[in-house]
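Inspection log for the structure reproduced underneath, given as C-alpha cells.
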Amino acid sequence: TAEMPKLAQMPAEEQRKIAQKLFIGGFFAVPLLWLVNYLNFRAIAKEPNADPMVKRYTNLSIVLFLVALLALIIWNVVFATHRAEWGSFAQDMLLIPGTG
C-alpha cells in the first residue's frame, strides 16, 4: 500500500489546497472539518515561513469551530429548558420522541 505524505513534507501549494478544502467544507454543515483543519495544520501554521493562507485558514477554522460549538450548546440548553412549553412543535423536532 502507498503511504500518504505527511503534511509538513508537502509543497506549500498542496498544503494550501488541502487547508482550503477543509475550511470550505466546514460551511457545508460539517463544522467538524474546521476542527480537523486546525488540528492538522496548527504546527505548520506556527512556523515562521508558513504560507499566509494556510495560517489564515487554520486560525479561522478554530474560531468558526468554536462559534459553531457555542451555537450548538446554546441551542441544546434552550431546547432542553423550553421543550415542554413548545409542545408538539418540539416533539416534531425530536428524532427519537421523548416523554415529558
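Position 1 is the first residue of the sequence, and the numbers go up from there.
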Check the pair Lys46 / Lys55 against side-chain contact (heavy atoms from CB on, under 4.5 Å), numbers first and verdict last.
-> CA-CA 8 Å; Lys46 289 180 182 177; Lys55 285 184 180 184; over 6 Å; no

Least distance between heavy atoms, Ser61 atom then Asn37 atom | OG-ND2, 2.8 Å

Just how far is it from atom CZ of Phe79 to atom CE of Met93, taken to the nearest 0.5 Å?
-> 5.0 Å

Closest non-hydrogen atoms of Leu7 and Gln15, given as atom of the first, atom of the second and distance, are O-NE2, 2.6 Å

Could you walk me through whether Leu22 and Trp34 pass the side-chain contact (heavy atoms from CB on, under 4.5 Å) test, one step at a time?
-> CA-CA 6 Å; Leu22 289 170; Trp34 288 324; over 6 Å; no

Hydrophobic cluster membership, Tyr38 vs Leu32, 4.5 Å side-chain cutoff = yes

Measuring from Lys6:NZ to Met10:CE, what's the distance to the nearest 0.5 Å?
-> 11.0 Å

Roughly how far, to the nearest 0.5 Å, is CZ of Phe41 from CD1 of Ile44?
-> 5.5 Å

Roughly how far, to the nearest 0.5 Å, is the CG atom of Asn40 from the CG atom of Leu35?
-> 9.5 Å

Joint hydrophobic cluster, Phe89 plus Leu94, side-chain heavy atoms closer than 4.5 Å = yes

Same hydrophobic cluster for Leu60 and Met53, using side-chain heavy-atom links shorter than 4.5 Å among ILVMFWY?
-> yes

Transitively linked via ILVMFWY side-chain contacts under 4.5 Å: Phe23 with Leu39?
-> yes

Residue that, paired with Arg16, satisfies side chain to side chain donor-acceptor pair (under 3.5 Å) out of Glu13, Glu14, Gln20 = Glu13

Could you walk me through whether Leu33 and Phe28 pass the side-chain contact (heavy atoms from CB on, under 4.5 Å) test, one step at a time?
-> CA-CA 10 Å; Leu33 287 178; Phe28 292 96; over 6 Å; no

Do Leu66 and Leu70 pass the side-chain contact (heavy atoms from CB on, under 4.5 Å) test, and can you show the C-alpha distance, the side-chain angles, and the key distance before you say yes or no?
-> CA-CA 6 Å; Leu66 292 173; Leu70 181 62; over 6 Å; no

Can you hop from Phe27 to Phe65 via hydrophobic side chains spaced under 4.5 Å?
-> yes

Separation of Ile62 CD1 from Leu69 CG (nearest 0.5 Å) | 9.5 Å

Looking only at heavy atoms, what is the nearest atom pair of Ala68 and Pro31, with distance?
-> CB-CB, 3.8 Å

